[in-house]
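Working notes, structure below.
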Amino acid sequence: MTTTNETQGLNFLQEIIEEDRRTGKHAGRVHTRFPPEPNGYLHIGHAKSICLNFGLAQQYGGKCNLRFDDTNPVTEDTDYVESIQRDVKWLGFDWEDRKYFASDYFPKLYDFAVELIKQGKAYVCSLSPDEIREYRGDFTTPGRDSPYRNRSVDENLDLFHRMRSGEFPDGAHTLRAKIDMTSPNPVLRDPPIYRIRHAHHHRTGDAWPIYPLYDFAHCLSDAIEGITHSVCTLEFENRRVLYDWIVDNLIKGDRPYQYEFSRLNLNYTVMSKRKLLKLVNEGFVSGWDDPRMMTISGLRRRGFTPKSLRDFATRVGVSKTQQLIDMGVLELCIREDLNETAPRAMAVLRPLKVVLENYPEGQVEQLEVQNHPQKPEMGTRQVPFMRELYIEADDFMEDPPKGFFRLAPGKEVRLRSAYFIKCEKVIKDAAGNVVELRCSYDPATRGGNAPDGRKVKGTLHWVPGNAPTAEVRLYDRLFSMEDPEADEKREFTEFINPDSLQVLRDARVEPMLADAPAESRFQFERQGYFYVDPKDSKAGKPIFNRTVTLKDSWTKEQGKGGK
RNA sequence: UGGGGCGUCGUCUAAUGGCAGGACAUCAGACUUUGACUCUGAUUAUCAAGGUUCGAAUCCUUGCGCCCCAGCCA
């Protein structure tokens with residue numbers, strides 16, 4: 001209790017930046033970058049990084065670059081470059097005129113490498129990959145110097161030049177930084193910084209037979225762009241000494257520094273690009289934008305909003321501790337946004353026919369229904385009401401348990417914004433399945449209130465008997481296991497949730513929904529938020545993707561009492 | 001096993017020597033023409049053991065646990 005003036009503390013990166021500004025480091029500048037490799041689609045972990053990098057720049061009046069870290073031509077592709085830009089923009093961030101490619105720096109990086117050779121700090125090594133590994137040693141045994149370690153500067157220059165001119169086959173030589181083969185940190189055991197790859201690059205084509213490696217390219221790209229705070233994830237922490245070694249040797253004056261934060265993990269999903277790629281390539285999902293994928297494009301197609309993802313990034317915070325975020329947090333973010341903005345509608349997913357025996361045959365009345373219960377400014381719409389209707393099959397039970405507020409023989413419920421109805425008779429098919437309900441309605445309850453003051457516990461959604469059908473896709477978590485990667489003996493794909501997608505082709509929707517434009521969002525009352533699929537919907541034939549369910553304390557309650 | 005990093009409610013995250021706070025989740029209740037939303041209340045944490053101090057999540061020591069590193073990937 002007491003006063004609640006507690007200021008939310010700064011995260012550790014904000015503290016570093018504020019300290020840097022106090023001390024005048026980087027002349028007070030803040031310049032970050034988001035540096036994806038274009039070898040896959042961005043996922044929600046990247047969304048965290050995007051929000052962090054662009055957010056920090058925004059907060060401190062700085063800039064954030066978009067930089068493609070495209071130094072490995074064999075895995076990269078322009079399709080990925082396109083998707084990444086689409087995703088960053090959609091999330092709501094703007095790199096303005098600062099879209100860069102590490103590949104644009106190839107000439108400069110080459111010159112830096114030459115400079116390092118001249119300083120006697122890099123050499124051309126002619127060991128094979130296997131030999132390099134062997135010479136490197138392991139955690140407990142130090143590495144041994146390469147026999148090529150002491151080549152002269154002139155010889156190194158000559159060899160490196162010939163590597164660049166394409167004289168040697170792949171793998172014949174590497175350029176290595178000359179640091180310390182006995183370092184306890186294997187990263188410093190003369191790491192290769194250039195390799196020969198006769199491969200076509202998505203931007204530079206066949207201009208280069210050699211390509212720089214990450215450690216060399218990344219820090220120097222940062223320096224070239226005037227980055228001040230180079231923020232990356234924790235697994236790069238070991239490499240920071242190498243980052244500093246390279247920058248110290250080649251950059252004079254203001255220089256970038258690397259800081260690491262912990263990457264995002266979410267339960268019931270996988271996050272690595274390798275695994276996402278496997279899901280796509282082996283057909284476990286329909287593509288990178290399958291709505292079950294935690295890719296930005298998948299979440300977009302599922303119906304998530306940019307705002308909800310930004311909110312999510314804020315809520316999970318920034319730190320160096322391992323984080324495994326509960327899927328519930330993501331769901332909270334999208335529900336909170338859509339609750340405010342999504343107009344309500346009625347759709348019956350699994351229809352059960354209801355005939356109102358005392359309602360005049362052929363009569364149709366238009367009932368006025370609110371588009372949002374808390375926001376009258378969102379207006380109203382008309383929904384036709386008639387003798388034959390559909391309700392949700394789940395909303396009827398012939399022999400209901402205690403606490404069931406919905407329809408049952410002899411019980412009365414309200415039809416949302418319509419009338420009270422009472423179940424008079426249950427009609428079954430030969431197999432004993434309930435196929436139709438005969439009900440009566442109370443004409444005095446039009447609009448949903450009884451003039452005699454009697455109450456009903458349940459309010460059901462419904463659609464008229466002539467409601468159009470629509471396809472509805474119900475998505476659930478892709479994995480049925482909290483950590484699909486936990487079991488090392490089993491492939492994570494074994495834990496895919498068989499019910500992660502349910503397609504309902506005979507759902508009935510209120511008439512207005514038949515004209516719902518692609519990418520529009522609705523709350524189907526009592527069920528969840530839905531998004532009109534932008535790819536598969538056709539004019540007049542929308543397909544609804546379930547973004548997220550509504551919270552459901554009834555089902556939860558049911559789950560408790562056994563079963 | 002060598003090196004690096006990290007340990008605060010179930011999950012995230014604050015507190016920077018001075019009342020361990022917030023969010024999510026959970027539970028209970030109020031409200032309700034969505035068993036939604038909203039509102040109210042409640043439970044739950046400083047990895048362990050020593051030490052320094054009037055006072056320790058915070059400083060020191062020793063353990064323990066988890067994560068990362070042995071690609072010519074990023």
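Every chain is numbered from 1, with letters handed out A, B, ... down the list of sequences.
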Looking for any heavy atom pair under 4.0 Å, which part of the strands does [X] touch: base, sugar-phosphate only, or nothing?
| X | result |
| --- | --- |
| A/T174 | base |
| A/S262 | nothing |
| A/G137 | sugar-phosphate |
| A/F216 | nothing |
| A/R315 | sugar-phosphate |
| A/T75 | nothing |
| A/T321 | sugar-phosphate |
| A/P373 | base |
| A/F236 | base |
| A/L127 | base |
| A/N449 | base |
| A/R136 | sugar-phosphate |
| A/R335 | nothing |
| A/Q523 | base |

Nucleotide nearest [X] (side chain, heavy atoms from C-beta), chosen from [options]:
| X | options | value |
| --- | --- | --- |
| A/L213 | B/rU34, B/rC68, B/rC72 | B/rC72 |
| A/K320 | B/rU16, B/rG5, B/rU34 | B/rG5 |
| A/E237 | B/rG5, B/rC12, B/rU34 | B/rG5 |
| A/T71 | B/rC72, B/rA74, B/rG3 | B/rA74 |
| A/V329 | B/rC24, B/rA74, B/rA70 | B/rC24 |
| A/D138 | B/rA70, B/rC73, B/rA36 | B/rA70 |
| A/R197 | B/rU16, B/rC72, B/rU34 | B/rC72 |
| A/N72 | B/rC73, B/rU1, B/rC67 | B/rC73 |
| A/N11 | B/rC72, B/rA15, B/rA14 | B/rA14 |
| A/K556 | B/rC12, B/rG35, B/rU26 | B/rU26 |

task: Take A/V187 and A/D326, find for each the nucleotide of RNA chain B with the closest heavy atom, and name the residue whose nucleotide sits nearer the 5' end.
output: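 Taking each residue's closest nucleotide, the earlier one in sequence belongs to A/D326.
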
5' precedence on RNA chain B between A/L234 and A/P212 (nearest-nucleotide basis):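 Upstream on the strand: A/L234.
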
Salt-bridge criterion met for A/R521 and A/D337 (N-O under 4.0 Å):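 No, this pair does not count.
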
message: Under a 4.0 Å threshold between the charged nitrogen and the carboxylate oxygen, would A/E340 count as salt-bridged to A/K375?
response: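 Yes.
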
Given the [atom1] atoms of [N] and [M], what is the spacing between them in whole Å?
| N | M | atom1 | value |
| --- | --- | --- | --- |
| B/rC31 | B/rU44 | C1' | 27 Å |
| B/rA74 | B/rG65 | C1' | 29 Å |
| B/rU61 | B/rG2 | C1' | 23 Å |
| B/rU8 | B/rG21 | C1' | 11 Å |
| B/rC47 | B/rC54 | C1' | 27 Å |
| B/rC59 | B/rU16 | P | 12 Å |
| B/rU46 | B/rA57 | P | 10 Å |
| B/rA30 | B/rG18 | P | 43 Å |

Rounded to the nearest angstrom, tell me the gap between atom [atom1] in [X] and atom [atom2] in [N].
| X | N | atom1 | atom2 | value |
| --- | --- | --- | --- | --- |
| A/R416 | B/rA36 | CZ | P | 13 Å |
| A/K457 | B/rU34 | NZ | P | 12 Å |
| A/L242 | B/rA74 | CG | P | 12 Å |

Should [N] form a Watson-Crick or G-U wobble pair with both distances under 3.5 Å, which nucleotide is its partner?
| N | result |
| --- | --- |
| B/rC31 | none |
| B/rC59 | B/rG51 |
| B/rU16 | none |
| B/rU11 | B/rA23 |
| B/rG65 | B/rC6 |
| B/rA70 | none |

- request: Could you pull out the closest heavy-atom pair between A/Y259 and A/L13, with the gap in Å?
  value: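 A/Y259 and A/L13 have their closest heavy atoms at CB-CD2, 3.6 Å.
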
task: Can you see which heavy atom on A/Q523 is nearest to which on A/A342, and at what distance?
output: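 Shortest heavy-atom separation between A/Q523 and A/A342 comes out as N-CB, 3.9 Å.
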
Could you say whether the aromatic ring of [X] and the base of [N] stack, counting only centre distances under 5.5 Å and plane angles under 30°?
| X | N | value |
| --- | --- | --- |
| A/F405 | B/rG35 | yes |
| A/Y214 | B/rA74 | no |
| A/F139 | B/rC69 | yes |

Any side-chain N or O of [X] below 4.0 angstrom from OP1/OP2 of [N]?
| X | N | value |
| --- | --- | --- |
| A/K551 | B/rC37 | yes |
| A/Q323 | B/rU13 | yes |
| A/R195 | B/rA74 | yes |

Donor-acceptor pair present, A/Q374 side chain and B/rA36 base, under 3.5 Å: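 Indeed there is one.
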
field: Polar side-chain contact A/R406-B/rG35 base: donor and acceptor under 3.5 Å
entry: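 Yes, a donor-acceptor pair under 3.5 Å.
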
Enclosure of A/K275 NZ (heavy-atom neighbours >12, cutoff 6.0 Å):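 Counting other residues, nucleotides and ligands, NZ of A/K275 exceeds 12 neighbours.
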
query: Would one find more than 12 heavy atoms of other residues, nucleotides or ligands at under 6.0 Å from atom NZ of A/K278?
result: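 Count over threshold, so yes.
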
message: The test is side chain to side chain contact (heavy atoms under 4.5 Å, CB included); show your working for A/L415 and A/V354 and say whether it passes.
response: CA-CA 11 Å; A/L415 260 20; A/V354 168; over 6 Å; no

- prompt: Under 6.0 Å from the six-membered ring centre of A/Y211 and within 45° of its axis: does the NZ or CZ of A/R197 meet both?
  reply: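 Checked: cation-pi criterion not met.
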
field: Check against side-chain hydrogen bond (donor to acceptor under 3.5 Å, both in side chains), A/S262 and A/Q323
entry: CA-CA 7 Å; A/S262 62; A/Q323 54 177 206; 4.7 Å; no

- prompt: How far apart are the C-alpha atoms of A/Y123 and A/Y148, what are their side-chain angles, what is the distance that settles it, and do they pass the ring-ring contact (aromatic ring centres under 6.0 Å, His included) test?
  reply: CA-CA 8 Å; A/Y123 62 96; A/Y148 305 99; 8.5 Å; no

message: Give me syn or anti for B/rG63, where syn covers glycosidic angles within 90 degrees of 0.
response: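 B/rG63: anti glycosidic orientation.
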
